[in-house]
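Given the structure is predicted, the values throughout are model-derived calculations rather than measurements.
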Amino acid sequence: MPKLPLDFYQKEDVVSVAKQLLGKLLFTRINGQLSGGIITETEAYDGIVDKACHAYGGKNTNRTATMFLGGGVTYVYLCYGIHHLLNVVSGKEGNPQAVLIRAIEPTVGIETMLRRRKMEKIAPRITAGPGALSQALGIDKQLNAKDLLADEIWIEDGNAYKDEEIVATTRIGVAYAQEHALWPFRFYIKGNKYVSKPNS
DNA sequence: TTCCCGATTTACT
DNA sequence: GTAAATCGGGAAA
C-alpha cells in the first residue's frame, strides 16, 4: 500500500483526519525491526481552542513546538513519567492540531511486539491503549518530530470506514479540561477488540 | 531552581 | 476498586 500523502495530514479539520485515520496502517522500523498494524482508535486535539490540548491558548514551548509544525510529522512525549504517547500532527504550519493514536490491531512483526511487551501470547491489550501501543512498536522520545513520509515511522493507506461503523465518544484522561472533556473527539471502529477501554 | 502534576498501565487489596 | 510507579514539562519564585 502507498503511504498517505502530505496533503492528507495538512487538512485543517483535525476531527475529520482523526476519523479517516481509522483503518489505516501504521508501521515502524526500529533497528531494522518492522512492526505495525491497523489503526483502530484515535483522539483529536484541536489546537489553541481545545483546553485538553497541550498547545491550548497558543502555548508554544520546547515540547509543544512539534505541534506547530505542518501536518505529517510525529509528536511523541512522555506521560506520567512512564508512557510514551504517539500523536500525528495535522493542519498547516502554525496550527497546533494533532491526533492521538490510542490503539492498533497488530498485523506485522507480532513476535517483535510480544518481545517488547514481555508477553508470551497475543492478546488485545498488547496494543490497546496509547502507552501499550508505543511500547509494542518501540516508540520513544527519539521518534518525536519524525517525518511520516520517511522510513522510520509511517502510515499507509487502508480501509475507509463509514460513519455508522465509527463510534464517536468523549476523550479519556482529560477531565482537567473541564467542559472540553465532553467534546466527542474520540473515535474507534465499532466492534473491534483492539480498543483501549471496554466498548460501551 | 523548586514544586506540582499529567492525553496511563499494572499490580494489588 | 484503588494505588503506586516515575520523570520531564511548565509555572512560580
Atom-to-atom span, [atom1] of [X] to [atom2] of [N] - whole angstrom:
{"X": "A:Gln178", "N": "B:dA7", "atom1": "CD", "atom2": "C1'", "answer": "16 Å"}
{"X": "A:Leu182", "N": "B:dA7", "atom1": "CG", "atom2": "P", "answer": "16 Å"}
{"X": "A:Asn87", "N": "B:dT8", "atom1": "CG", "atom2": "P", "answer": "11 Å"}
{"X": "A:Lys118", "N": "B:dT10", "atom1": "NZ", "atom2": "P", "answer": "12 Å"}
{"X": "A:Arg171", "N": "B:dA7", "atom1": "CZ", "atom2": "C1'", "answer": "8 Å"}
{"X": "A:Leu78", "N": "B:dT9", "atom1": "CG", "atom2": "C1'", "answer": "13 Å"}
{"X": "A:Leu85", "N": "B:dG6", "atom1": "CG", "atom2": "P", "answer": "14 Å"}
{"X": "A:His54", "N": "C:dG8", "atom1": "NE2", "atom2": "P", "answer": "16 Å"}

Problem set entry | Pairwise P distance for B:dA7 and C:dG1, with rounding to whole Å |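 Rounded to whole Å, the distance is 24 Å.
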Problem set entry | B:dC5 versus C:dA3 - spacing of their C1' atoms, nearest Å |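 That atom pair is separated by 16 Å.
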Exercise. Does A:Arg63 put a side-chain nitrogen or oxygen below 4.0 Å from OP1 or OP2 of C:dG8?
Worked result: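 The answer is no; no side-chain N or O of A:Arg63 sits under 4.0 Å from OP1 or OP2.
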For this session: Examine B:dT10: is either OP1 or OP2 under 4.0 Å from a nitrogen or oxygen in the side chain of A:Arg125? Give yes or no.
Result: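 It does, given that an N or O in the side chain of A:Arg125 lies less than 4.0 Å from OP1 or OP2 of B:dT10.
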Problem set entry | Pair A:Glu41-A:Ser196, side-chain donor/acceptor within less than 3.5 Å |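 Yes, a side-chain donor-acceptor pair sits under 3.5 Å.
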Exercise. Do A:Gln135 and A:Arg116 get their side chains close enough for a donor-acceptor pair, meaning under 3.5 Å?
Worked result: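 No pair is found: no donor N or O on one side chain lies under 3.5 Å from an acceptor on the other.
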For this session: Indicate, with a heavy-atom threshold strictly under 4.0 Å, whether A:Ala132 touches base, sugar-phosphate, or nothing.
Result: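 Result for A:Ala132 = sugar-phosphate.
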Exercise. Reckon A:Ile172 touches a base, only the sugar-phosphate, or nothing at all at heavy-atom distances under 4.0 Å?
Worked result: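 The residue A:Ile172 makes sugar-phosphate contact but no base contact.
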For this session: Check for a donor-acceptor pair, side chain of A:Thr40 on one end and backbone N or O of A:Ala103 on the other, with a separation under 3.5 Å.
Result: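 Yes, the answer is positive, given that a donor and an acceptor are paired below the 3.5 Å cut-off.
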Using nucleotides 11-13 of chain C, report all nitrogen or oxygen pairs with the protein that are shorter than 3.5 Å.
none

Can you see which heavy atom on [X] is nearest to which on [Y], and at what distance?
{"X": "A:Tyr176", "Y": "A:Lys51", "value": "CE1-O, 4.0 Å"}
{"X": "A:Lys92", "Y": "A:Glu12", "value": "CG-OE2, 2.6 Å"}
{"X": "A:Thr66", "Y": "A:Thr74", "value": "CG2-O, 3.2 Å"}

Whether [Y] and [X] form a salt bridge (side-chain N of Lys/Arg under 4.0 Å from carboxylate O of Asp/Glu) is what I want to check.
{"X": "A:Arg29", "Y": "A:Asp151", "answer": "no"}
{"X": "A:Lys190", "Y": "A:Glu164", "answer": "no"}
{"X": "A:Asp157", "Y": "A:Lys3", "answer": "no"}

Exercise. Who is the Watson-Crick or G-U wobble partner of B:dC4, with both distances under 3.5 Å?
Worked result: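 By the stated definition (distances under 3.5 Å), C:dG9 pairs with B:dC4.
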For this session: Any strand is fair game: report the nucleotide pairing with B:dT10 by Watson-Crick or G-U wobble, both distances under 3.5 Å, or none.
Result: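 Partner of B:dT10: C:dA3.
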Picking from [options], which would you name as closest to the side chain of [X]?
{"X": "A:Arg117", "options": "B:dA7, C:dG10, B:dT10", "result": "B:dT10"}
{"X": "A:Arg102", "options": "B:dA7, C:dG9, C:dG8", "result": "B:dA7"}
{"X": "A:Pro130", "options": "B:dT9, C:dG8, B:dA7", "result": "B:dT9"}

Pairs: protein N or O with nucleotides 3-5 of chain C N or O, under 3.5 Å:
none

Exercise. What do the steps show when you test A:Tyr77 against A:His54 for ring-ring contact (aromatic ring centres under 6.0 Å, His included), and what is the final call?
Worked result: CA-CA 11 Å; A:Tyr77 81 99; A:His54 292 156; 4.7 Å; yes
